[in-house]
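Within every chain, numbering begins at 1; the chains are lettered A, B, ... in the order of the sequence lines, protein sequences first and strands thereafter. Computed from a prediction, not measured in an experiment: that's the story for all the values here.
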Amino acid sequence: MLRLERVSKRFDNGYLALQGVDLAARPGEILGIVGGSGCGKSTLLRLMCGLVPPTHGRVWFGGTPITGPRPEIGLVFQEPRLMPWLTVAENVQFGLHNLPRAERAARALQALERVGLRQFADALPRELSGGMAQRTAIARALVTRPSVLLLDEPFSALDALTRADLQSHLVDIWSDERPTMVLVTHDIDEALFLSDRIVVMRGRPGAIHAEFTIDLPRPRIRTSPQFQSWKERLLAALHAAINGEATAA
Amino acid sequence: MSANESIIEGVRPVAAAHQQPGPRLAALRGWLRAATGLVVPAVLAALWELAASFGWIPAKLLPPPSAVIDTIRALVASGDLWTHMLATLHRVAVGFGLGVVVATILGAVTGYASCVRRLLDPTIQGLRNIPSIAWVPLFILWFGIFETSKVLLIAVGAFFPVYLGLSSGIRDVDRKLVEVGRIYDLSAWALIRRILLPAALPAYVVGLRSGLGLAWMFVVAAEMMGASEGLGYLLVDGQMTSRPDVIIASIVMFAVLGKATDAILVRLGAGVLSWQDSFKPQG
Ligand SMILES: Nc1ncnc2c1ncn2[C@@H]1O[C@H](COP(=O)(O)OP(=O)(O)OP(=O)(O)O)[C@@H](O)[C@H]1O
Ligand SMILES: [Mg+2]
């Protein structure tokens with residue numbers, strides 16, 4: 001569905017952020033990406049949605065190479081990035097410009113309901129807490145119902161309870177509509193709770209260190225022994241990636 | 001997009017009036033606050049009046065406030081004040097309007113398109129550094145001494161701050177917000193209308209205010225270069241007829257009108273920028 005083919009990214013300042021990345025998100029799966037800070041996870045997502053072009057290699061969406069953003073691919077940024085002059089509801093509707101007004105409003109309210117912010121529909125972003133702003137950003141990405149949804153540490157600004165809540169919500173949405181999701185996170189628990197597959201990245205330059213297919217049945221129970229043993233395997237891989245040891249998948 | 005949406009997305013004409021205690025009490029407080037600004041002029045006027053009545057300053061050269069007020073009364077009674085005020089206001093309105101329209105178009109285009117900016121901005125910046133009074137002889141040669149050259153001079157004065165405010169305002173828009181627009185695949189026009197213009201609005205309003213200030217400055221220059229009516233004409237007339245009270249009366253009228261039109265812009269700006277999360281010291 002979404003496929004990176006030997007992708008490298010060198011920034012204008014000469015920094016090589018990603019080197020030779022081969023990665024494919026399969027239709028309808030949740031692909032988790034974990035890795036240390038600064039290893040190139042955000043850059044990877046920005047390449048996947050066509051926000052920045054690769055220096056080498058190609059990004060494919062189905063059979064066509066991606067040359068720029070497209071409506072089928074949604075992205076939740078690492079920061080909320082709300083328009084400060086629009087209300088929460090208007091921010092959520094931001095990507096729905098081709099629909100009639102009533103339909104836009106209805107969808108926005110529905111999405112806000114999902115993230116628990118319905119009563120803040122008419123508030124301005126300056127009246128929101130950091131977590132509420134991020135929930136608004138998630139709602140904004142959900143309303144357009146993209147077939148691929150890229151999420152860059154979407155829950156990292158939230159408290160543990162809201163985070164767990166939204167993670168379950170995300171699984172619900174995913175079960176309903178089966179979009180392909182690529183989830184960047186530094187929270188191994190979160191990756192394990194959500195993902196069908198997890199890719200561990202190493203940095204400098206960013207590359208794929210290891211890949212795991214998570215065979216845990218859904219709904220996943222965080223306290224189950226299988227979950228815990230997966231967690232240990234992943235932590236070991238992450239440590240190895242950060243300390244630059246050889247791949248041990 | 002439906003027809004009743006405003007041109008710039010999300011810009012509401014009136015600020016939401018929530019979180020205020022009693023409306024009457026708040027209104028009173030607002031008036032008192034505004035009145036604070038009158039304290040200094042009032043004290044100065046009183047001192048001046050006193051100094052004149054003690055004969056410390058020659059009333060022939062610097063007539064006291066009471067004499068100026070009498071002059072303004074007389075001008076009002078004869079209807080002359082309205083004629084002059086309207087003439088000046090009309091010139092400012094047309095010149096400022098013209099300058100703003102051109103500055104808005106050029107500022108938006110150069111702010112948005114780097115190639116146009118590279119092409120035009122150096123020239124505009126070069127022209128900006130010419131003291132605009134230097135245009136006067138040329139404008140008179142080209143357009144005569146009547147309305148056209150006056151209005152154009154005012155337009156030139158108003159143009160630069162508005163252009164600069166909008167152009168740099170657009171260039172300074174947060175790249176992160178622009179990326180949101182790119183993710184949603186906005187067209188160039190939609191990007192301008194939905195992100196760049198609202199985000200650049202604070203800088204634009206500042207530009208408009210300085211532009212209006214310059215328009216008032218230039219209307220004086222324009223009317224002093226030859227006019228048969230207008231507050232600037234009144235200034236020159238006062239000088240010719242050795243009437244310092246008339247000169248001061250028209251200076252006062254300039255101050256009042258300039259302040260009033262600026263206050264209107266501030267009010268409009270505050271309504272449109274009510275979303276800003278800005279540092280406003282309390283009290
Ligand atoms: N525009 C840019 N120009 C130059 N270097 C950049 C740019 N953007 C990112 N980098 C560099 O690329 C590397 C990867 O950045 P990226 O934002 O992808 O990291 P990340 O894995 O998302 O980190 P984090 O978990 O902290 O968000 C970093 O070392 C960063 O300094
Ligand atoms: Mg990141």
K.L.:
Does any backbone or side-chain atom of Arg46(A) lie under 4.5 Å from a heavy atom of chain B? Answer side chain, backbone, both or neither.
P.N.:
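For Arg46(A), the contact with chain B is made by the side chain alone.
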
K.L.:
Salt-bridged, Asp262(B) to Arg209(B), with N to O below 4.0 Å?
P.N.:
yes

K.L.:
What part of Leu96(A) gets within 4.5 angstrom of chain B, counting heavy atoms only: side chain, backbone, both, or neither?
P.N.:
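Contact with chain B: none, neither part.
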
K.L.:
What residue in Gly95(A), Gly50(A), Cys49(A) has the most heavy-atom pairs under 4.5 Å with chain B?
P.N.:
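Among the listed options, the one with the most contacts to chain B is Gly95(A).
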
K.L.:
By a 4.5 Å heavy-atom criterion (distance strictly below it), what part of Ala190(B) contacts chain A: side chain, backbone, both, or neither?
P.N.:
neither

K.L.:
Hey, are Asp187(A) and Arg163(A) close enough for a salt bridge, meaning a charged N less than 4.0 Å from a carboxylate O?
P.N.:
yes

K.L.:
Less than 4.0 angstrom from a charged side-chain N to a carboxylate O is my criterion; do Arg58(A) and Glu5(A) meet it?
P.N.:
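Here Arg58(A) does not pair with Glu5(A) in a salt bridge, since their nearest N and O are not under 4.0 Å apart.
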
K.L.:
Do Arg10(A) and Tyr15(A) form a cation-pi contact, if we require the NZ or CZ to be under 6.0 Å from the six-membered ring centre and within 45 degrees of the ring's axis?
P.N.:
no

